[in-house]
Structures are given as C-alpha cells and as structure tokens.
Amino acid sequence: MKRIFGSKKKKEVVQAPSLGDTSGKLGERGKVIETKMQECDKQIAELKTKMKTQKGMAYKQSQKRALTILKRRKMYQNQYDSLMNQQFNVDQMAFSNESIQSTIDMAATMKEAVAAQKVQMKKINLDQVEDVMEDMHEMMEEQEEINEIMGRDYALDAYDEQDLMDELDELDEDIVNEQMEGANEVPGYIPQNQAQPAAAVKRDEDELANLMNQLLMAFILNSYFRN
C-alpha cells in the first residue's frame, strides 16, 4: 500500500529564532531605515538652500519635491519607531528569561550548598567543640598567671617609697635648672660672630654712623673749597 499511495512525509520542525537573533535583526533593519532618514534630511537641506535663490516655477518645483521627500521621511520615522518598540519588547522578554534562568541556577546552587553543609555538620560533635573551648580558656588563664609570676621584680620591695619620692623631686629640680641654663646659651648652629650681645651690636652701629658722618662732612668741605 505504501508503494501505491506512498507514505506521509514527516513535517520538518522549524526551530524558532532566539530572542537575541530577533533583536539583532530588528536593530539591523533600524540602522537601514535610519540611514534612509539621514539621506532624506540631506536632500531637504539641499533643496531649502536652492529655494532661497529660486523664483517662479523653479521655486515651486523644488518646494513640491521637498514636500515629497518630507513625506517619505515621516514614513521612515514611523517605521523606525515601530521597529524600536518591537526591539524593546524583545529585549525585555530576553531579560526576563535570563532573570528566570539565573534564579533557577541560584536556587539549584543553594540547594546543593545546603545539602553539603548538612553532611559536614553531621561530622561535628558539639560536645567536643565545647570541651575544646573550655580547655583553651583554662590554658589562657594559666598562661596569664605564669606571665604575671615570671614578670615580678622582687628587688623593688627593698627600697623605701619616701626615699624614691625625694630622689624623684631632686631629678625634677635638676631638669628645670638644665633647661634654664640651656635657654641662655647660644645654639651651636648659630655662628659666634652672630651671637654677640646686644650692647656690642649697638656699639658697632654707633661707630658705623659716626664714620659715615665724617665721610659726609669731608665730602662737603672738599666740594666747598674746590668752588
């Protein structure tokens, strides 16, 4: 019977394009239409430039052509807007699918992690952990006691506290005296010729002033006698 009537052909299953492919095709079509709109804008600008210098029939022809190109440009704009809306809807659906898949993957990962943690927790003996922590706390307390004992200075008890206070007061007085003496000394970084007393500096200034006065007087007398 199959030889006479033949057998039914199996329908080929056509796989639908992915959302990413669909969005890409819509984007490519949008770029083509956008190029056409730019070309229309260029032609309209050229016609407007010509119309500024044209009159009569030439002006009307350019005006009619500009109106035709403008209508075509609006048609492209409507097509472009429609494609962009379609692409936006496709992208939204793709984002929703990716979010759902991410949630599924995250849930599966968390499920495996919780199962692994349960297995690991069964290996932990809480009583043993508590015993270990108590032993550690006791060891730390004992270590602190040992450090305190080892750090004691038994020789300090041999000194009288009042004697130590008197000696400390004497040290304070010595420090104050040294600071006062040091304030009257000239620092080592200042040259000795700059460290003269104020009286010596005043005397030098007076001598210099007298010398200048004598030179000035001699100059005046010399000029007078020449004349």
Side-chain angles (χ1 to χ4, degrees), residues 1-137 139-140 143:
M1 294 295 292
K2 290 182 180 181
R3 292 179 181 178
I4 297 174
F5 297 100
S7 59
K8 293 182 179 181
K9 294 182 178 180
K10 295 182 179 180
K11 293 182 179 181
E12 296 181 358
V13 179
V14 179
Q15 187 176 1
S18 64
L19 293 174
D21 295 339
T22 303
S23 177
K25 290 180 180 180
L26 291 173
E28 291 176 358
R29 291 176 58 188
K31 290 180 179 179
V32 173
I33 296 176
E34 188 176 6
T35 302
K36 292 181 179 180
M37 288 192 299
Q38 293 175 354
E39 184 65 26
C40 291
D41 293 337
K42 182 179 179 181
Q43 293 177 1
I44 292 172
E46 292 175 353
L47 288 172
K48 288 177 67 177
T49 303
K50 290 181 180 179
M51 289 169 63
K52 291 180 180 179
T53 58
Q54 290 177 340
K55 295 181 180 179
M57 291 297 297
Y59 179 84
K60 291 182 179 180
Q61 289 178 356
S62 298
Q63 185 181 33
K64 185 178 180 180
R65 187 179 177 187
L67 292 174
T68 302
I69 296 174
L70 183 61
K71 291 179 182 178
R72 188 188 311 153
R73 205 270 185 207
K74 289 185 175 294
M75 179 189 67
Y76 289 148
Q77 184 66 52
N78 292 333
Q79 293 177 359
Y80 181 80
D81 293 340
S82 178
L83 283 174
M84 292 299 99
N85 290 333
Q86 293 176 18
Q87 187 181 24
F88 176 77
N89 294 332
V90 172
D91 292 340
Q92 285 290 101
M93 188 174 295
F95 177 77
S96 178
N97 288 346
E98 291 176 358
S99 298
I100 293 172
Q101 186 61 43
S102 298
T103 303
I104 294 173
D105 296 340
M106 183 175 63
T109 302
M110 293 177 65
K111 184 178 180 181
E112 293 179 0
V114 170
Q117 289 178 1
K118 288 181 178 180
V119 174
Q120 296 296 329
M121 286 297 294
K122 291 180 180 179
K123 299 178 181 179
I124 299 175
N125 190 329
L126 295 179
D127 294 334
Q128 292 180 356
V129 174
E130 186 175 0
D131 294 339
V132 170
M133 295 304 295
E134 289 180 356
D135 293 341
M136 185 180 298
H137 182 68
M139 289 177 60
M140 291 178 65
Q143 185 66 33

Roughly how far, to the nearest 0.5 Å, is [atom2] of [Y] from [atom1] of [X]?
X    : Y    : atom1 : atom2 : result
M106 : S102 : CE    : OG    : 8.5 Å
E130 : D135 : CD    : CG    : 10.5 Å
M93  : N89  : CE    : CG    : 7.5 Å
D91  : L26  : CG    : CG    : 8.5 Å
M37  : K74  : CE    : NZ    : 12.0 Å

*Run the side-chain contact (heavy atoms from CB on, under 4.5 Å) check on Q120 and K123 step by step: do they pass?*
CA-CA 5 Å; Q120 296 296 329; K123 299 178 181 179; 3.9 Å; yes
*Where the side chain of S23 meets the backbone of G20, is there a donor-acceptor pair that is under 3.5 Å apart?*
no
*Give a yes or no answer on whether the side chain of S96 reaches the backbone of Q92 with a donor-acceptor pair at less than 3.5 Å.*
no
*Would you tell me whether N85 and S82 have side-chain atoms, one donor and one acceptor, within less than 3.5 Å of each other?*
no
*Test item: side-chain donor near acceptor, Q77 and D81, under 3.5 Å*: yes
*Please check if atom CE in M75 has more than 12 non-hydrogen atoms from other residues, nucleotides or ligands closer than 6.0 Å.*
yes
*What is the minimum heavy-atom distance between I33 and Y80, and which atoms define it?*
CG2-CB, 3.9 Å
*Minimal non-hydrogen separation, V90 against L19, with atom names*: CG1-O, 3.3 Å
*Could you name each residue pair satisfying salt bridge (charged side-chain N to carboxylate O under 4.0 Å, His left out) that touches residues 98-122, not counting sequence neighbours?*
none
*Kindly state each residue pair satisfying side-chain hydrogen bond (donor to acceptor under 3.5 Å, both in side chains) with at least one member in residues 57-72, sequence neighbours excluded.*
Q54-S62
*If a pair satisfies side-chain hydrogen bond (donor to acceptor under 3.5 Å, both in side chains) and one of its residues is in residues 32-43, list it, with sequence neighbours excluded.*
D41-R73
